[in-house]
J.: 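For reference, the structure I am asking about is given below.
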2 protein chains.
Amino acid sequence: MRRANLKDVADRAGVSIRTVSNVVNTPEVVARPTRQRVLEAIEELGYRPNLAARQLRQGHREVIGLVVPEIDSPYFAELAALVVRHAERMGWTVIVEQTDGDATREQQLLDGARGQGVDGIIFCPWAMTAEEVSRRATAPPVVMLGEQPGMGSVDRVAIDNRGAALEAVHHLVALGRTRIAAVGLQPHLSNETARQRLAGYRAALVDVGLVAHPELEVPVERLHHADGMGAMAGLLAKSKPDAVFCFTDQLALGAIRTCADQGVRVPEDIAVVGFDDIEVGRYSVPALTTVAPDKQRLAELALTTLQERMADSSLPGRDVVVPHLLVVRESAPAAGSATRPARSELPSSTPSGK
Amino acid sequence: MRRANLKDVADRAGVSIRTVSNVVNTPEVVARPTRQRVLEAIEELGYRPNLAARQLRQGHREVIGLVVPEIDSPYFAELAALVVRHAERMGWTVIVEQTDGDATREQQLLDGARGQGVDGIIFCPWAMTAEEVSRRATAPPVVMLGEQPGMGSVDRVAIDNRGAALEAVHHLVALGRTRIAAVGLQPHLSNETARQRLAGYRAALVDVGLVAHPELEVPVERLHHADGMGAMAGLLAKSKPDAVFCFTDQLALGAIRTCADQGVRVPEDIAVVGFDDIEVGRYSVPALTTVAPDKQRLAELALTTLQERMADSSLPGRDVVVPHLLVVRESAPAAGSATRPARSELPSSTPSGK
DNA sequence: AGGCCAGTCTGCAACGTTGCAATTCCAGGT
DNA sequence: ACCTGGAATTGCAACGTTGCAGACTGGCCT
C-alpha cells in the first residue's frame, strides 16, 4: 500500500494535481465546493505531503540543528527540552548533535558534514570562539547560545556571565567569606563562558579588596561531578577555602559530595555557589545556591533570533542578553540567616552577638 | 553563491552527471583516473549531495525519531545521549520529540503527524500500551524502549522491570526493613513500566512473608522530585515506613530531600532505593542505592533492533531483555556493612563501565 | 575478419512537489 | 452580441538525485 500523493488525491476528487496542491497550501484561492471535495479525498486517502519533495522544490526543510557538547548534562538537557518545545510551536523540527566539546567535531557539525540540510543551527560552543564561527565558510545560519558578546558577526544569545559571577561572589563576601575559591576554568579550551565567569570572580575580589590567590583558582578537565570532587579535594588539602564558586552546578554538587565525605560542613565550613540552576540542585542536600539563567527566555530568544537571521542574512550580528537571577538556597544562605558561617567562631566577627 | 550540485561537478570534471553520481555512490565502477578527476572537482566545489533529492529518489532519509516523554529528565537525557552517539555510528541522524507522557501526543507523533519522513522510531511510552502501538495504522517501524514483553507484534527492548524491583525490595528486606513503601504508581496512566515494578515489589513482599499495606503503595502524579517529596511527606505523616522503594531516582532524591527537611536520617531511619541510576544519584548525599539498567546496551539494542525491523518488516515482534544491576550505595547500604560504605566504592556504577 | 565480452561511461526518466503563466469560465457592462 | 475582467482551475517545468538500459571502447577469442 503506497503512500498517497497529490496525484492520487487529484484523481479521487476529480481535479488536477495543482488544485490539490493549492488546497493544501493556499486554500483561499480554491472555491469552497471544490475545496470541500478535495479535503474529503485527502482525508479518505490519509494523504500527507512528502516533505522531501517539498524541500527539494522550496529549498528548505523546516528543520534546525541543536549542537551541544553533551545532551546528558542536565543544563543542556533542560535547554534542549525548551528548544524542542518552542521550536515545535514555530513549526520546526530539531535534530540534536553532540560535540563533546571537541573543536574538530564542532567545526565539522557547523560545516554541515552531517546535520546537512538543516535550515539553521543553534550552537552551544565549548571550543570554538565567535570569531572562528563567523569566519567559517558559507553554511546555514548559526546562533551561538551561551557565548559572550565580542567581535565577530555572529548572533549570540546569553546571560551576562561576568556580571552573574560577580554577583555570586559578592554574595559569598556578604556571608563574611574571605578565602573564596573559583572552580571551573578550562585553560585547555577556549571556553569563553568560563573565561567570563573567571573575570567576574576576579572583579568581585578586587571590588571588595580581597587578594586573588592563584591556588584558589582551580582548573578542571571537564565540568562534571567528578571534576568538582577532585577540585574540592585539592582545595581542602592545600588551600583551606571558606567558600567555593563553581562554574557549573555539576561541579558544585561534586564539590559538596567531597565535603560530605571529609566531614566538612556546607555551608557552615564552606559555602558553595553553583551556576546553571539545574533541577536537581533544588532538591539536593544542601539545596544549591546558584546563578539561574532564564532558560525559557534563552531558548525562545535563540529561536527567534535564528528565525530573523534566516529571514535576512544581511543583518548585522546581534548580541542578545538574557536576564539571570542569583537563587539563594542552603549551600550559601542569605547573610544574617539562621545558619552561622564558620567565621563566626573567630574572634573578629560575632554575628550571633548582634 | 549557490550550492554545487552534480551538474556543476560534472561540468568541471568534464564528465557526465551520471558518472559523478557513480563516483559518490559506487566508486568501484569508475576508472581510476576519472574518479580522481571527479573527486578533485568535488573537493574544489565543496560539493555535498542534496539529501532531499536523494530521499525523494530513494524513499528514505537515514533519519530516525526518538520519542520520549521529556528529554530533560536525567534518565531520558542520558539515554538520548547514547542513542544519538550510537545512531551516528550507524549513519543515522536523530530527531527528538517530547510527548510529556500524553496519550494524544504519543499517538500523533507515532502517526508521523510531525516527525514525518523518519525511517524509524524509538519510542519510550508512558501512556500507550504495546497493543495500541501495534494496532496503529501503517507508519515507520517502531521499537518500544522500556516497555515490557507481552502481546502485540511490536519490537520491545527493556530490562526485566519486575525482576529488578524484586531484587531492590529483597535488598531492603535484607537490611531488616519490614515497612517498605513503594512510590511511583501512576494509576491515571497505563504506564506498564510502573505496573511491572509494582508487581515486583508485591512479589518480593509475598516472598518473604510480609503483608502488603495499601497505604504503603503511594501513587504519584508525575515522576519528578516534587512528587517524591510529596509522597515521602505523606508517608512520614501517616504510615511510618522504615524503607522506601521509589520507581525512579528523581522520586528517590525528592523523598530524601523531604527526609532531610524533617530530620529523618537516611538510611538509618529510612532506607531509600531508586531506579534508573542517573548520574547525580552517584554524587548525592547520601549517594543513591538504585537499579541500574545497562543504558549503553539499551540504546545499542534499540537501534540494532530497529535496523533489523527496517530491513525486514515481516519479522515477528521481538522482546529483547537487557541486563540490569542493583547498585548499592549509601541510601540503602549493604546488609551488615557499617552504616555507610567506604567512599571509594561509590562512583563505580555503570554496569557496562570498565 | 567477425563476434563477444568486460569495462566504462552516458541519456532518459522518474521520485512528489510548487512557481509561473496560461487557460477556461462566467457575470456584467457596452 | 461582443468585450472585459476577475475568479477558478490547469499544464508545464524544474528542484537534484539515482535506477535502468543502452552505447561506446578496446582487447581477445574463434
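Chain letters run A, B, ... following the sequence lines, proteins first, then strands; residues in each count from 1. Side chains included, hydrogens not; waters and symmetry mates left out as well; all remaining heavy atoms used. This one's a predicted model, so the numbers in the text were calculated from it and none came from an experiment.
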J.: What are the bounds, 5' to 3', of the part of DNA chain D that sits under 4.0 Å from heavy atoms of chain B?
T.: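 The contact span of chain B on DNA chain D goes from D/dG16 to D/dC20.
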J.: If you take any heavy atom closer than 4.0 Å to DNA chain D, which residues from residues 40-47 of chain B end up in contact?
T.: B/Tyr47
J.: Can you list everything that forms a side chain to side chain donor-acceptor pair (under 3.5 Å) with A/Glu106? Sequence neighbours excluded, please.
T.: none
J.: Through what angle, rounded to 10 degrees, does the axis of the helix from C/dA1-D/dT30 to C/dT30-D/dA1 turn between its ends, using five pairs per end?
T.: 70°
J.: Looking at residues at least two apart in the chain, or sitting in another chain, which of them share a side chain to side chain donor-acceptor pair (under 3.5 Å) with B/Glu44?
T.: B/Arg12
J.: Please identify each residue that fulfils side-chain contact (heavy atoms from CB on, under 4.5 Å) with B/Ala81, with sequence neighbours left out.
T.: A/Ile71, A/Asp72, A/Gln98, B/Arg85
J.: Would you please name every residue forming a side chain to side chain donor-acceptor pair (under 3.5 Å) with A/Arg222, sequence neighbours left out?
T.: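 A/Arg222 satisfies side chain to side chain donor-acceptor pair (under 3.5 Å) with no other residue.
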J.: Would you kindly compare B/Leu56 and B/Thr34 by the position of their nearest DNA chain C nucleotide and give the one closer to the 5′ end?
T.: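 Residue closer to the 5' terminus by nearest nucleotide: B/Thr34.
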J.: Provide the closest heavy-atom pair for B/Val154 versus B/Ala130 in the form atom of the first, atom of the second, distance.
T.: CG2-O, 3.4 Å
J.: Applying side chain to side chain donor-acceptor pair (under 3.5 Å), can you list everything that pairs with B/Asp119, at least two apart in sequence or on another chain?
T.: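 Side chain to side chain donor-acceptor pair (under 3.5 Å) check on B/Asp119 returns nothing, list empty.
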J.: Keeping B/Asp102 on the side-chain end and B/Thr99 on the backbone end, is there a donor-acceptor pair under 3.5 Å?
T.: no
J.: May I ask you to list the residues of residues 4-21 of chain B, by number, that have any heavy atom positioned under 4.0 Å from an atom of DNA chain C?
T.: B/Val15, B/Ser16, B/Arg18, B/Thr19
J.: Does B/Gln186 have any side-chain contact (heavy atoms from CB on, under 4.5 Å) partners at least two apart in sequence or in another chain, and if so, which?
T.: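 Testing B/Gln186 for side-chain contact (heavy atoms from CB on, under 4.5 Å), a comparison that skips the adjacent residues, returns B/His188, B/Leu189, B/Asn191, B/Val220, B/Leu223.
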J.: Is the shortest heavy-atom distance from the side chain of B/Asp100 to the side chain of B/Trp126 under 4.5 Å?
T.: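 Answer no - side chains too far apart.
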J.: So what does B/Asn25 hit on the nucleic acid, given a heavy-atom distance under 4.0 Å: a base, only sugar-phosphate, or nothing?
T.: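 Result for B/Asn25 = sugar-phosphate.
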J.: With sequence neighbours left out, write down each residue that passes side-chain contact (heavy atoms from CB on, under 4.5 Å) with A/Glu132, or none if nothing qualifies.
T.: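 Once residues adjacent in sequence are excluded, the partners of A/Glu132 under the side-chain contact (heavy atoms from CB on, under 4.5 Å) criterion are A/Met128, A/Thr129, A/Arg135.
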J.: With a cut-off of 3.5 Å and sequence neighbours excluded, list every side-chain donor-acceptor pair involving residues 13-21 of chain A.
T.:
| unit_1 | atom_1 | unit_2 | atom_2 | d |
| --- | --- | --- | --- | --- |
| A/Ser16 | OG | A/Arg18 | N | 3.4 |
| A/Ser16 | OG | A/Thr19 | N | 3.3 |
| A/Ser16 | OG | A/Thr19 | OG1 | 3.3 |
| A/Arg18 | NH2 | A/Ser21 | OG | 3.4 |
| A/Arg18 | NH2 | A/Asn22 | OD1 | 3.2 |
| A/Ser21 | OG | A/Asn25 | ND2 | 3.4 |

J.: Please determine if B/Arg54 and B/Glu62 form a salt bridge, counting it only when a charged side-chain N lies under 4.0 Å from a carboxylate O.
T.: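 Looking at B/Arg54 and B/Glu62, the cut-off is not met.
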J.: When the nearest nucleotide of DNA chain C is assigned to B/Arg37 and to B/Gln58 on a heavy-atom basis, which residue is associated with the more 5' position?
T.: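 Its nearest nucleotide lies further toward 5', so the answer is B/Arg37.
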J.: On a heavy-atom basis, which atom in B/Asp294 and which in B/Val322 lie closest, and how many Å separate them?
T.: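 Nearest heavy atoms, B/Asp294 then B/Val322: O-CG1, 3.6 Å.
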